[in-house]
Structure formats: structure tokens, C-alpha cells
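What you see is a predicted model, and the numbers here were worked out from it, not measured in a lab.
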Amino acid sequence: MILQWCKSQGIELPNPVMDGKEEGVTEAERDRFFSLLDKLCAALPQQKEAAKELRMLTKKMPSFRALFGESVDAIPQLLTPLSGSKSESCVHPDLQEDVITTLLNLSIHDSNKKLVAETPMVIPLLMEALRSGTIETRSNAAATLFTLSALDSNKALIGKSGALKPLIDLLDEGHPLAMKDVASAIFNLCIIHENKARAVRDSAVSVILKKIMDGVLVDELLAILAMLSTHQRAIEEIGELGGVPCLLRIIRESTCERNKENCIAILHTVCLNDRTKWKALREEESTHGTISKLAQDGTSRAKRKANGILERLRRAVNITHTA
């Protein structure tokens with residue numbers, strides 16, 4: 001369902017290596033696995049060597065991803081280099097990147113998703129990685145949160161943990177290598193209602209609108225904004241921050257039917273909730289016929305929303321004339 005929804009909104013998902021055909025684990029592989037975990041408790045050079053090898057093995061071999069799910073202590077051991085008593089600023093950046101990327105590889109494995117997310121230190125360490133890692137670490141931390149959020153129970157857990165705020169902050173920074181992974185994670189998390197409220201509280205609307213106005217990642221961010229627009233405060237912010245003329249301009253100028261559909265859906269909700277924006281909609285219609293054109297030529301959903309706005313504007317004019 002999530003993949004279909006993302007595809008319907010034109011969102012490009014992270015593309016990690018898929019599990020492929022499961023194969024049995026040999027005794028030699030099992031010994032190698034536990035040996036590498038033991039090295040993660042050793043000195044820094046051994047930690048770095050072990051983390052890099054685990055990253056490589058969990059990328060290439062589904063059997064190694066499965067091994068993490070079979071051992072109750074494996075994921076906490078993987079996190080040992082990042083969760084010690086020393087401050088995060090002392091963690092070697094390459095070591096952090098390898099451990100976080102290994103978590104991403106593990107989370108691809110369906111049977112690991114619940115286990116990974118519910119391991120106590122995982123989400124806090126992913127949040128720390130979003131804030132302080134190399135750009136590849138930050139991007140892979142966002143991709144991990146996206147992958148884990150395939151489960152609704154994980155969506156709720158990730159949202160309650162406060163992970164939306166560092167995701168939104170990273171989106172605001174706008175690094176091109178991280179943007180799509182971050183947008184995918186935010187989109188997926190906001191499928192459940194309580195996370196929409198958290199995202200709005202954490203300034204998602206202002207950050208997303210600014211990026212859209214700057215022409216950055218417009219397709220993906222319009223899909224998120226359309227989801228958030230079911231929240232009352234989001235609608236108020238869209239109006240306050242100049243979102244109405246921006247959305248009308250996209251409808252007028254864009255060649256993407258999905259973007260036009262998301263824009264008119266947001267404007268329909270604005271129209272229902274904020275009469276002060278009717279003037280801008282009437283002026284756009286009078287000058288460019290933007291809404292009427294969409295009512296004739298848009299997708300079936302866009303036509304419904306456009307006609308809904310036109311009907312409301314017509315009723316308002318009739319009431320004014322009658323009065």
C-alpha cells in the first residue's frame with residue numbers, strides 16, 4: 001500500500017539492495033559474523049575494520065541480514081561504537097557512517113523491521129546521525145527511517161521518538177544528496193494522523209513551502225504538503241506564508257498533472273477553511289481562468305476539487321448580489 005501511494009504521488013523511493021533469494025548460513029559465515037561483532041567492542045582500529053566489513057556483508061548477502069534477527073544481542077553489539085559513554089562528537093565519522101549504513105541494510109530485510117526499530121538505542125542514534133553525520137550518513141539515516149516506517153507500528157514509534165524534527169531540519173538545509181531520502185521518510189511517517197500534527201508543529205509547512213517556492217524537489221514536497229493540508233494549522237500556515245499564489249502559479253505553469261492535482265486539492269481545503277483567500281482565487285480565475293481550465297482538463301480528482309472551488313465562489317457571488 002505504501003509503495004503504491006508513493007508511486008501515485010510520483011515520489012522516488014530510496015533504492016537499497018533487495019533481499020533476493022535467501023540462502024542458508026554456513027558455519028564459517030556464522031563464526032565470521034560473531035567474530036566481527038566481538039571486534040566492535042575492541043579498540044578503534046578493530047571497530048572500524050569490523051563495521052566496514054559488516055556494512056559490505058549486509059549489503060551483498062541476505063544471510064547476514066537474517067543473522068542479525070536471529071541473535072538477540074546482535075543489534076545492540078552493532079551499536080556499541082556509537083552508544084558508549086563517550087560523546088557523539090568523539091565518534092569517528094567513518095565508523096558512524098558504516099554502522100548507520102549497516103542498519104539501513106538490515107532494515108531492508110522485512111523480518112528485521114520491527115526488531116531494528118524497537119531496539120532501544122536505534123532511533124536515538126539515527127536521530128543523532130541526522131544531525132551530526134557525514135552527508136552520506138545523514139542520507140542513509142533518513143533512508144533507514146523511511147524503510148523502517150513501512151510498518152505502521154514503526155511509524156508511530158518513530159514519530160513519538162521525535163525523529164520528524166531532525167528530518168525537517170535536514171530538509172531545510174537542502175543538501176541535494178539527502179533531500180530525496182529525507183522527503184521519502186517524512187512522507188511515509190505522515191501517512192498516520194498523529195505524525196501529521198507532529199510535522200506541522202515542527203515547522204514542516206514553512207520549510208516545505210519555502211523549498212517549493214524555490215523550485216526544489218517540487219513533486220515530492222507537494223505530495224507531502226497535500227497530506228499535511230488535512231491538518232487545520234497547516235492550512236492556516238499555507239495561507240499566512242503566501243502559499244495560495246504559489247500553488248495557483250504551479251497550476252498555471254506546470255505540465256505535471258499530479259502536481260496540479262495536489263495543488264488544487266490543497267487550495268480546495270484552503271477555500272473551505274479560509275474565506276479571506278477567496279479574493280485571490282477569484283482574481284486568478286478572472287485573469288487567467290486557471291481553475292476553470294483545470295476543471296475541464298485535469299485528472300478526475302483535480303476536476304472535482306476545481307469544480308468544488310468554482311461552485312463555492314459562484315455561491316458567494318450570488319449571496320452578495322442577493323444581499
field: Verdict with reasoning, V182 to I186, per side chain to side chain contact (heavy atoms under 4.5 Å, CB included)
entry: CA-CA 6 Å; V182 172; I186 294 171; 3.8 Å; yes
If you group Ile, Leu, Val, Met, Phe, Trp and Tyr by side-chain heavy-atom gaps below 4.5 Å, do [X] and [Y] land in one group?
X    : Y    : result
M227 : I192 : no
L44  : V91  : yes
L267 : W278 : yes

Any side-chain to backbone donor/acceptor pair from [X] onto [Y]? Under 3.5 Å, distance only.
X    : Y    : result
S149 : F146 : yes
K211 : D172 : yes
N105 : R55  : yes
S203 : S206 : no
Q47  : P81  : no
S35  : D31  : no

Partners passing salt bridge (Lys or Arg N to Asp or Glu O under 4.0 Å) against [X] (at least two apart in sequence or in another chain):
X    : value
E49  : K39
K260 : E257
E29  : none
K114 : E118

With sequence neighbours left out, what residues match [X] under side chain to side chain donor-acceptor pair (under 3.5 Å)?
X    : answer
T101 : N140
T276 : D274
D38  : none
T137 : T134

message: Is there a side chain to side chain contact (heavy atoms under 4.5 Å, CB included) between E220 and L217? Walk through the geometry before answering.
response: CA-CA 6 Å; E220 291 86 345; L217 218 66; 3.5 Å; yes
message: Applying salt bridge (Lys or Arg N to Asp or Glu O under 4.0 Å) to R30 and E70, what does each step give before you reach the verdict?
response: CA-CA 11 Å; R30 197 177 294 274; E70 294 172 10; 3.4 Å; yes
Under 4.0 Å between a Lys/Arg side-chain N and an Asp/Glu carboxylate O for [X] and [Y]?
X    : Y    : answer
D202 : R198 : no
E237 : R233 : yes
R312 : E285 : no
E261 : K305 : no

Looking only at non-hydrogen atoms, find the nearest pair between [X] and [Y] and report the distance.
X    : Y    : value
Q296 : K303 : O-CE, 3.2 Å
A183 : L221 : CB-CD2, 4.3 Å
A223 : F187 : CB-CE1, 3.9 Å
K155 : I191 : CE-CB, 4.0 Å
A163 : L145 : CB-CD1, 4.2 Å
T269 : S229 : CG2-O, 3.4 Å

Spacing of [X] atom [atom1] and [Y] atom [atom2] [to the nearest 0.5 Å]:
X    : Y    : atom1 : atom2 : answer
D169 : L130 : CG    : CG    : 9.5 Å
I235 : K277 : CD1   : NZ    : 10.5 Å
R201 : H231 : CZ    : NE2   : 9.5 Å
N195 : K160 : CG    : NZ    : 9.5 Å
L126 : I158 : CG    : CD1   : 8.0 Å
S292 : L310 : OG    : CG    : 4.5 Å

message: One pair to check against side chain to side chain contact (heavy atoms under 4.5 Å, CB included): S107 and N112. What are the steps and the verdict?
response: CA-CA 6 Å; S107 69; N112 283 343; over 6 Å; no
query: Do S111 and H109 have side-chain atoms, one donor and one acceptor, less than 3.5 Å apart?
result: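 On atom types as modelled, these side chains qualify, holding a pair under 3.5 Å.
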- line: Applied to residues 27-62, the ring-ring contact (aromatic ring centres under 6.0 Å, His included) test, sequence neighbours excluded, yields F33-F68
- request: Could you walk me through whether I208 and V205 pass the side chain to side chain contact (heavy atoms under 4.5 Å, CB included) test, one step at a time?
  value: CA-CA 5 Å; I208 288 169; V205 174; 6.0 Å; no
- prompt: Apart from L177 itself, what residues make up its hydrophobic cluster when side-chain heavy atoms of I, L, V, M, F, W and Y under 4.5 Å apart count as a link, directly or indirectly?
  reply: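 Result for L177 is I135.
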Student check: side-chain heavy atoms of [X] and [Y] closer than 4.5 Å:
X    : Y    : result
L54  : L40  : yes
V122 : T119 : yes
S139 : H175 : no
L36  : L57  : yes

Identify every side-chain donor-acceptor pair in residues 71-79 under 3.5 Å, counting partners at least two apart or on other chains, and give the distances.
none

Result block: side-chain N/O donor-acceptor pairs under 3.5 angstrom for residues 246-255, not counting sequence neighbours:
{"unit_1": "R252", "atom_1": "NH1", "unit_2": "E284", "atom_2": "OE1", "d": "2.9"}
{"unit_1": "R252", "atom_1": "NH1", "unit_2": "E284", "atom_2": "OE2", "d": "2.6"}
{"unit_1": "S254", "atom_1": "OG", "unit_2": "C256", "atom_2": "N", "d": "2.9"}

